[in-house]
2 protein chains.
Amino acid sequence: MDDQPRADRPRDDHSRADDPRRPRPRLRLEDLARRLGVSRTTVSNAFSRPDQLSAELRARVLDAARQAGYAGPNPVARMLRTGRAGAIGLVLPEPLPFALDDPTTSELIRGIADACEERRLGLLIEPGALRAADPRVIGDVAVDGFIAYSLPRSAAALQRLLAGTTPVVVIDEPRLPDVATVTIDDRAGARDAARHLVGLGHRRFGIVALPFQADGYDGLADAARVADPDYDVTAQRLAGYREALEEAGLDAAAVPIVECAHSDEGLGREAARLLLGGTEPPTAILAMSDRLALGVIAAAQELRVPVPASLSVVGFDDLAAASHSRPALTTVRQPLRLKGYAAARLLLETPGPTADGLDLPVELVVRRSSAAPR
Amino acid sequence: MDDQPRADRPRDDHSRADDPRRPRPRLRLEDLARRLGVSRTTVSNAFSRPDQLSAELRARVLDAARQAGYAGPNPVARMLRTGRAGAIGLVLPEPLPFALDDPTTSELIRGIADACEERRLGLLIEPGALRAADPRVIGDVAVDGFIAYSLPRSAAALQRLLAGTTPVVVIDEPRLPDVATVTIDDRAGARDAARHLVGLGHRRFGIVALPFQADGYDGLADAARVADPDYDVTAQRLAGYREALEEAGLDAAAVPIVECAHSDEGLGREAARLLLGGTEPPTAILAMSDRLALGVIAAAQELRVPVPASLSVVGFDDLAAASHSRPALTTVRQPLRLKGYAAARLLLETPGPTADGLDLPVELVVRRSSAAPR
DNA sequence: CTGCTGTTCTTGATCGATCCAGAAACCGCA
DNA sequence: TGCGGTTTCTGGATCGATCAAGAACAGCAG
């Protein structure tokens with residue numbers, strides 16, 4: 001009788017139990033099976049398919065497993081055989097601490113987590129997809145599907161993901177043909193925001209934009225930067241703004257645009273100072289996110305430009321902070337949490353690869369930060 | 001020459017590209033090797049050990065891989081063989097949306113993420129470890145190590161983790177022998193907080209506590225609930241409070257304790273109403289977290305009990321919100337982000353299983369919410 | 001007793017890679 | 001030419017499970 005794990009074909013010689021630094025040799029199904037005098041499959045079934053063996057034998061197996069300190073089938077081996085990983089991957093452009101600080105991203109994660117919770121799946125976060133070096137690691141993990149959030153068109157990590165066979169759902173951007181993408185109607189939302197301001201009588205505008213290119217630039221965006229954007233969301237929102245401005249007979253291309261590298265109050269403040277510092281400052285600023293808009297309001301208050309009396313501000317997102325700010329922010333509401341949830345469901349429900357996406361509606365929410373110009 | 005994947009033992013015939021719903025048959029190293037007329041190992045080396053083959057052949061292999069749509073070695077198979085997963089697991093007691101809303105937890109996650117970023121590892125979050133059913137799924141994923149955060153002693157999920165061979169580091173609790181645990185000096189911190197109030201001259205106290213038992217109870221905690229606590233952190237902090245009170249000659253066991261099921265402003269408010277509603281209300285309240293303390297301050301303001309004039313409040317954690325509140329909160333600072341970072345480092349650096357833990361210092365931060373009683 | 005159905009358990013193949021020992025090719029140099 | 005020493009490449013074993021097909025045995029009708 002051998003009671004040792006793998007008495008017949010011992011592991012590599014140097015992994016004897018006498019080296020305390022090495023993890024103790026892992027017990028396998030087979031070792032347990034041998035001790036019990038049953039087959040591997042029987043032990044496997046005891047854990048994974050209770051209907052395949054008698055209740056009594058199953059109890060005996062589980063009991064022996066507990067005694068022997070066998071915690072259950074090795075998840076990696078199971079994955080290899082079954083092809084299921086029990087987790088979905090979330091690929092984020094920025095490092096994780098940044099993502100957690102950003103209310104937009106963390107609300108989105110909540111939505112994804114809702115879906116994971118329903119299905120009892122883990123969520124594997126792979127942040128930092130934008131860092132230049134080492135694109136190798138992204139996508140090199142065991143998951144049943146990837147959600148890629150808000151990557152620039154040029155991101156190498158996304159190419160890697162799409163080249164593989166694991167299903168991928170993209171949220172927001174890039175919008176690629178033949179890739180399932182969950183989006184909102186950015187263009188319509190932006191257009192409604194601009195129309196609202198035009199309707200109030202504004203004629204002099206400024207735009208505080210999300211990045212056009214993934215190069216970390218902050219400052220005035222000239223035609224070249226805007227011409228071939230790396231971020232589709234930015235492009236769509238700009239198109240929406242311009243559409244409304246042109247409807248009103250304005251020269252949309254002449255409206256100054258300040259680009260911010262991130263959606264962040266500090267950068268919004270700087271951008272607003274730039275726009276408000278000119279000789280003919282705008283009476284209305286369109287900001288592509290709420291955080292940027294809140295920065296704009298902060299800058300206006302510092303410069304003693306009353307909002308909305310002398311300056312109207314409209315954001316995008318409708319974060320919780322938008323309704324708490326003073327004045328409360330007029331903005332375009334998007335269903336962030338639902339967006340995450342929908343993406344996860346799309347990923348999990350579609351059996352094979354799909355290109356069918358989902359476009360969620362947005363809604364203009366008028367609050368106190370916008371009014372007719374004096 | 002055969003150019004088909006696995007020409008010798010073909011996959012299911014119908015899974016050629018003509019059925020768009022099926023995942024296309026995954027190419028293996030071997031298929032690629034056959035096409036190129038080299039061996040599996042050579043192709044493997046081209047991806048994973050560039051020094052093992054000539055640069056020219058490597059280029060040819062990678063080129064052919066790109067052409068064929070081969071995205072690189074299957075991560076699961078690699079894991080099985082190498083035993084490395086490229087990710088660490090974080091086991092949280094609550095569902096993920098809840099964890100993201102909680103500043104304590106999310107700061108901790110940031111710290112863990114810092115370490116993951118350094119090592120280029122993914123972070124696999126397994127939330128909801130406390131839910132009763134289905135303990136099976138926790139720990140049934142491929143990771144190189146687990147961090148378990150703030151679980152009650154009775155949590156079945158933790159037993160499962162410890163039974164396995166994957167290394168585990170526990171943060172905060174439970175404090176078990178032979179398990180590596182990263183803690184703070186909860187008892188000393190609590191003692192300092194209580195000493196501070198005693199030193200100011202307070203004699204009538206109330207305690208707003210974190211849970212003693214994992215049963216969702218809110219309300220006054222009698223001796224029975226306190227006697228055999230399921231949460232070590234709560235027990236330690238209470239011991240610290242009591243130590244300082246007894247030093248001052250007070251009957252610590254007589255100080256009323258209100259237990260809250262979560263660290264949450266709303267529950268802190270309710271708890272404070274309970275404590276302040278009595279005939280001889282306390283002049284000082286010790287709260288085991290900042291969120292609870294902020295709730296206490298909110299309740300005091302609603303009840304027109306001025307803080308700190310008529311009521312002193314001391315929290316625990318030193319969240320950002322503590323210094324922004326009115327009045328700014330006196331509290332015990334703990335290095336949350338460092339705690340997460342340290343746990344991850346401990347997990348990654350220790351080659352085998354360790355029981356060595358780490359105890360991080362805390363520091364009393366006196367602000368405006370505490371003063372001498374009238 | 002034979003034949004049939006159904007339960008219970010076992011064997012051999014397989015998932016897709018990496019590792020190891022060794023073969024083949026190539027090198028310089030006596 | 002012969003020989004040790006590199007460099008480059010190969011095939012078989014292995015990681016630890018699941019799955020499909022089949023064996024052993026039971027109960028039951030004819």
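Quick caveat: nothing in here was measured; it's all calculated off a predicted structure. Lettering of chains follows the sequences in order, A, B, ..., and the numbering in each one begins at 1.
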Closest nucleotide among C:dC9, D:dC9, D:dA17 to the B:Thr42 side chain: D:dC9
Heavy-atom side-chain contact between A:Lys339 and A:Leu358 under 4.5 Å: no
d(CE, A:Met79; P, D:dC19) in whole Å: 14 Å
Selection from C:dA17, C:dT10, D:dT8 that lies nearest to any side-chain heavy atom of B:Asn74: C:dA17
Touch class at under 4.0 angstrom, heavy-atom based, for A:Leu53 against every strand present: sugar-phosphate
Separation of C:dT10 C1' from A:Gln52 CD (nearest whole Å): 13 Å
Rounded distance in Å - CD (A:Glu30) to P (D:dT14): 12 Å
A:Arg84 CZ - D:dC19 C1' separation (whole Å): 12 Å
Spacing of B:Arg28 atom CZ relative to C:dT18 atom C1', expressed in whole Å: 15 Å
d(CZ, B:Arg81; P, D:dC15) in whole Å: 7 Å
Selection from C:dT11, D:dA17, D:dC15 that lies nearest to any side-chain heavy atom of A:Pro73: D:dA17
Between C:dT7 (P) and A:Asn45 (CG): distance, integer Å: 15 Å
side-chain N/O B:Tyr70 vs C:dG16 OP1/OP2, d < 4.0 Å: no
Atom pair distance, as rounded to whole Å: CZ in A:Arg34 and C1' in C:dT11: 14 Å
Donor/acceptor link under 3.5 angstrom from B:Arg40 side chain onto base of D:dG12: yes
Touch class at under 4.0 angstrom, heavy-atom based, for B:Leu29 against every strand present: base
Side chains of A:Ile147 and A:Val182 in contact at under 4.5 Å (non-hydrogen atoms): no
Quiz item: B:Arg78 side-chain donor-acceptor pair to C:dT18 base, under 3.5 Å: no
Pair A:Arg153 + A:Glu173: basic N to acidic O under 4.0 Å: no
Interatomic distance, A:Gln67 atom CD to A:Arg35 atom CZ [nearest 0.5 angstrom]: 10.0 Å
Nucleotide nearest B:Thr41 when distance is taken to its side chain, options C:dG12, D:dT10, D:dG16: D:dT10
Atom pair CG (B:Leu96) and CD (A:Glu117), whose distance is rounded to the nearest 0.5 Å: 8.0 Å
B:Ser54, nearest nucleotide to its side chain (from C:dG16, D:dT8, C:dC9): D:dT8
Nearest-nucleotide pick for B:Val38, side chain only, options being D:dT10, D:dG16, C:dT10: D:dT10
